[in-house]
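One structure is given here, and the rest of the page talks about it.
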Amino acid sequence: MSDEQNQNRVVDTLHNQDKVLKESLSLFTGGSLEFLDEELSGEVTDILSTEITETTTKKAYGDKALKLSTNMGIHSECEAHISKDDMIRFASYNLDLTRLHKIPFTTVIITTKKPSVTSYTCPSLSFTPKIINLKERDADKVLAEIDKKLKAGEQSKINLLEVVYLPLYGSESGKTTFELLNTAIKLTPIVSENKHTQHKLQDLLILLTSTFISEEEQNRIWEENMPTLENNPAIRMLEERSMNKKMIEIAKNMLRDGDDVSKVSRNTGLDLSRVAELQTELQAAAV
């Protein structure tokens, strides 16, 4: 895999995780407190704005902010690799949200890797967020709890956020992300009788794991779970993205062979401006 492909994969991963975090916390606020921080008390009463206008008039956004009945807030973020700069940025978001909403905030960072940085301290500030490493949660234990609640007729007590993030959990029995995704998708019509909720769970699961499993595994998931996933918008989006990547590779090969921008655009369906960008990238790489 080239450096460009690796960079695009990292960007896709972060974008997908951010999108899933925002949508899942908005949809399943009832289970968000338990999912994010069991030590906090109260209930989620509101989803707060995370738009912060800085002194430079530049707008900044945190991933998600929730207000609790105890009159405090939770600011949540998704980050694959947590750096010192990330910690400073999250500390800044925390303070800005506190100033904006006039309540104290706890920051929760969701990751899938053991962080090398867990806090930020300077002479006038100490910032220590709660870090949730999904790999440290045991998928087998979660599945056993879900099964127990289903058998007891306690479907309503199942935390649907656990179903969404299940594929990224660790597994003492050695289950892979692919296997856990397959299991989670099969759970969606069982844990909820609401068709809209089922479809949203499936969308979030597919989007979250799209950069963690191969195209071959994605195809197997789709084949094994039809018609459950039929007409799923997340699948259509990924198919379109995959097709766009193929067209970009074809366009690059045509440009390398000396074809002009207009011909490449006509044959690939890519915009002229996008083909021109690809041509500039190839020329820069050749220098």
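Atom OG1 of Thr176 is separated from atom CD1 of Ile213 by 9.0 Å, given to the nearest 0.5 angstrom. The structure places OG1 of Thr112 at 11.0 Å from CD of Glu136, a figure rounded to the nearest 0.5 Å. Atom OG1 of Thr106 and atom CG of Leu97 lie 11.5 Å apart (nearest 0.5 Å). The distance from the CG atom of Leu204 to the CG atom of Leu161 is 9.0 Å, given to the nearest 0.5 Å. Distance check: Thr177 OG1 to Asn182 CG gives 12.5 Å after rounding to the nearest 0.5 Å. Expressed to the nearest 0.5 Å, how far CG of Leu278 lies from OG1 of Thr268 amounts to 8.5 Å.
Counting non-hydrogen atoms of other residues, nucleotides and ligands closer than 6.0 Å to NZ of Lys186 gives a total above 12.
When atom types are taken as modelled, the side chain of Thr209 and the backbone of Leu205 share a donor-acceptor pair closer than 3.5 angstrom. Using modelled atom types, no side-chain atom of Glu79 and backbone atom of Thr111 make a donor-acceptor pair closer than 3.5 Å. In this structure, Glu224 contributes its side chain and Ile221 its backbone to no donor-acceptor pair below 3.5 Å. In this structure a side-chain-to-backbone donor-acceptor pair under 3.5 Å is missing from Ser265 to Val261. Asp257 places no side-chain N or O within donor-acceptor distance of the main-chain N or O of Asp259, the cut-off being under 3.5 Å. Although no hydrogens or angles enter the test, the distance criterion places a donor-acceptor pair under 3.5 Å between the side chain of Lys149 and the main chain of Lys157.
Under 3.5 Å, the side chains of Gln198 and Ser192 contain no donor-acceptor pair of N or O atoms. One side chain, Ser173 or Asp140, offers a donor N or O that lies under 3.5 Å from an acceptor on the other. Defined by atom type and a distance below 3.5 Å, a donor-acceptor pair is missing between the side-chain atoms of Asn267 and Lys263. Glu77 and His75 form a side-chain donor-acceptor contact under 3.5 Å, judged by distance and modelled atom types alone. Tyr169 and Glu162 share a donor-acceptor pair across their side chains, judged by distance under 3.5 Å alone.
Proximity of Thr280 to Glu277: side-chain heavy atoms (C-beta onward) are nowhere separated by under 4.5 Å. Inter-residue side-chain proximity for Ser262 and Leu272 is flagged as met; some heavy-atom pair is nearer than 4.5 Å. Taking the side chain as every heavy atom from C-beta outward, Tyr165 and Leu208 approach each other to under 4.5 Å. Contact of the Phe212 side chain with the Leu168 side chain is registered, since non-hydrogen atoms from C-beta on lie closer than 4.5 Å. When side chains are defined from C-beta on, Ile206 does not count as touching Gln218, because their heavy atoms never get closer than 4.5 Å. Looking only at side-chain heavy atoms (C-beta outward), Val117 and Asp86 stay at 4.5 Å or farther from each other. Looking at Ile109 and Ile132, their side chains never come closer than 4.5 Å, going by heavy atoms from C-beta outward. The closest side-chain heavy-atom distance from Leu201 to Val191 is below 4.5 Å.
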Glu217 and Arg220: CA distance, side-chain angles, deciding distance, salt bridge (Lys or Arg N to Asp or Glu O under 4.0 Å) verdict: CA-CA 5 Å; Glu217 288 174 325; Arg220 285 175 59 192; 5.5 Å; no
So Asn159 and Val142, side chain to side chain contact (heavy atoms under 4.5 Å, CB included) or not? Walk me through it. CA-CA 10 Å; Asn159 190 338; Val142 170; over 6 Å; no
Assess the residue pair Thr197 and Lys200 against the criterion (side chain to side chain contact (heavy atoms under 4.5 Å, CB included)); give the C-alpha distance rounded to whole Å, side-chain angles, the decisive distance to 0.1 Å, and a yes or no. CA-CA 5 Å; Thr197 300; Lys200 288 308 299 183; 5.8 Å; no
Full working for side chain to side chain contact (heavy atoms under 4.5 Å, CB included) between Thr98 and Ile103: CA-CA 5 Å; Thr98 296; Ile103 57 175; over 6 Å; no
Would you sort out whether Lys113 and Asn133 count as a side chain to side chain contact (heavy atoms under 4.5 Å, CB included), showing the intermediate values? CA-CA 6 Å; Lys113 298 182 183 297; Asn133 183 350; 5.7 Å; no
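When every heavy atom of Leu181 is checked against every heavy atom of Pro167, the shortest pair comes out as CA-CG, 3.7 Å. For the residue pair Met87 and Ser119, the shortest heavy atom distance occurs at CE-N, 3.7 Å. Shortest non-hydrogen contact noted between Ile131 and Thr118 is CD1-CA, 3.8 Å. Residues Val264 and Ala251 share a closest heavy-atom pair of CG1-CB, 3.5 Å. Across Asn94 and Phe127, no two heavy atoms sit closer than the pair ND2-CE1, 3.9 Å. Nearest heavy-atom pair across Ala184 and Val163 is CB-O, 3.9 Å.
Annotation: cation-pi geometry satisfied between Arg137 and Phe35 (NZ/CZ under 6.0 angstrom from ring centroid, within 45° of ring axis).
Under a 4.0 Å N-O distance rule, the pair Glu145/Lys148 does not qualify as a salt bridge. Looking at Asp85 and Arg89, no side-chain N of the basic residue comes within less than 4.0 Å of a carboxylate O on the acidic one, giving no salt bridge.
If you look at Phe90 and Tyr120, their ring centroids are not closer than 6.0 Å.
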